[in-house]
Amino acid sequence: MHKPKVLITGGAGFLGSHLCDKYIKNGYQVVCMDNLITGNLDNVKHLFENEDFTFINYDVTNFVYVPGKLDLILHFASPASPIDYLNMPIQTLKVGSLGTHKTLGLAKEKNARYLLASTSEVYGDPLIHPQKEDYWGNVNPIGYRGVYDEAKRFAEAMVMAYHRFHNVDTRIVRIFNTYGPRMRTNDGRALPAFMSQAIRGEDITVFGDGSQTRSFCFVEDLVEGIFRLSQSDEVNPVNIGNPEEISIKEFAEEVISLTGTKGKIVYKDLPKDDPQVRQPDITRARSILNWEPKVSRREGLKRTLEYFKQVV
Ligand code: UDP
């Protein structure tokens with residue numbers, strides 16, 4: 001039987017590894033490519049015995065070669081948390097720019113469909129709320145987050161150029177804050193920080209006064225949205241995320257109450273250019289993909305806590 005074949009860059013990362021599972025489950029052969037600078041083989045080791053799964057340790061900022069046919073490329077390789085951008089600014093810029101160029105070249109060569117992992121960070125510290133796909137954003141190009149934001153904005157421009165000039169069949173997903181099992185405990189993001197601190201009985205570090213908002217999507221919902229987008233005809237960017245918005249202080253309080261920790265909230269300086277608000281408008285995903293999130297934050301946080309208890 002002919003099985004479609006997908007290349008997933010960043011396939012050993014948090015989102016990438018869940019996508020490997022999703023496409024295997026849906027009858028694909030999966031080539032997982034990762035240079036493991038933020039990815040972790042533990043995330044995909046359960047797939048090693050699967051004959052439809054191949055792992056290649058490779059940095060996609062170089063010329064990418066994959067033997068045989070390819071039907072789909074999902075470009076998910078990138079450092080993806082604010083402390084990763086601080087520690088790896090040049091790798092972040094390179095994988096969003098050179099890595100996107102190389103993988104688009106591969107898509108053109110193989111006649112494969114291409115899906116770019118873009119981000120709500122293209123909207124920067126948004127002046128429009130909630131964020132719709134037609135908002136152009138408010139990004140500081142030379143700030144600490146600029147290396148990620150501008151790389152992803154460049155990547156979107158490159159994808160549209162390959163689509164318009166080379167007729168590559170492309171998709172762009174703008175991913176909003178996502179959480180779930182396989183996040184790195186030390187990636188510095190709010191949820192892994194809060195859960196690790198709570199499990200260790202340490203204080204919970206809220207940056208600023210905690211009034212800034214985010215909207216958190218459980219990974220299972222996100223991956224379903226991405227799968228549907230990859231099967232759809234939509235070339236324009238599509239927001240995928242959970243529109244349920246919460247302040248970071250309330251989010252910390254939810255983690256405290258769920259874990260029953262003795263840790264208390266302590267307030268630290270707000271990082272520069274930290275967006276004040278963030279909430280996806282998912283009207284487009286609802287109408288085109290017939291998609292919306294199903295997992296409540298209560299349920300998602302419970303399932304995530306089970307994972308963090310094992311790894312912290
Ligand atoms: N944050 C926090 N404490 C932490 C880590 C993050 O208060 O230990 C805040 C951060 O300043 C931001 C929000 O939580 O306002 C979400 O941060 P995260 O790094 O998860 O992702 P972002 O949405 O900023 O990319």
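Read the numbers this way: they start at 1 and go in the same order the structure lists the ligands and their atoms. Note: hydrogens, waters and symmetry copies are ignored here, and every other heavy atom, side chains too, is used.
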* To do: Determine whether more than 12 heavy atoms belonging to other residues, nucleotides or ligands lie under 6.0 Å from atom CZ of R164.
  =>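 Check fails, neighbour count at 12 or below.
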* In plain terms, say whether E121 and R278 are close enough for a salt bridge, that is, a side-chain N and a carboxylate O under 4.0 Å apart. =>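 Yes, E121 and R278 are salt-bridged.
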* Measure from NZ or CZ of K22 to the centre of the six-membered ring of F227, then state whether that distance is under 6.0 Å and the direction lies within 45° of the axis. =>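 Yes, a cation-pi geometry.
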* Amino acids contacting ligand 1, non-hydrogen cut-off under 4.0 Å ->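 Lining ligand 1: P82, E121, R145, N177, G188, R189, A190, A193, F194, T205, V206, F207, Q212, R214, I248, P271, D274, R278.
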* Asked: E220 pairs by side chain to side chain contact (heavy atoms under 4.5 Å, CB included) with which of K294, R303, E299?
  ->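 Checked K294, R303, E299 against E220; only one passes side chain to side chain contact (heavy atoms under 4.5 Å, CB included): R303.
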* Asked: What do you reckon, are the aromatic ring centroids of F216 and F251 less than 6.0 Å apart?
  ->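 Yes.
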* Minimum heavy-atom distance I204-Q197, with the two atoms named ->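 So the two residues come closest at CA-OE1, 3.3 Å.
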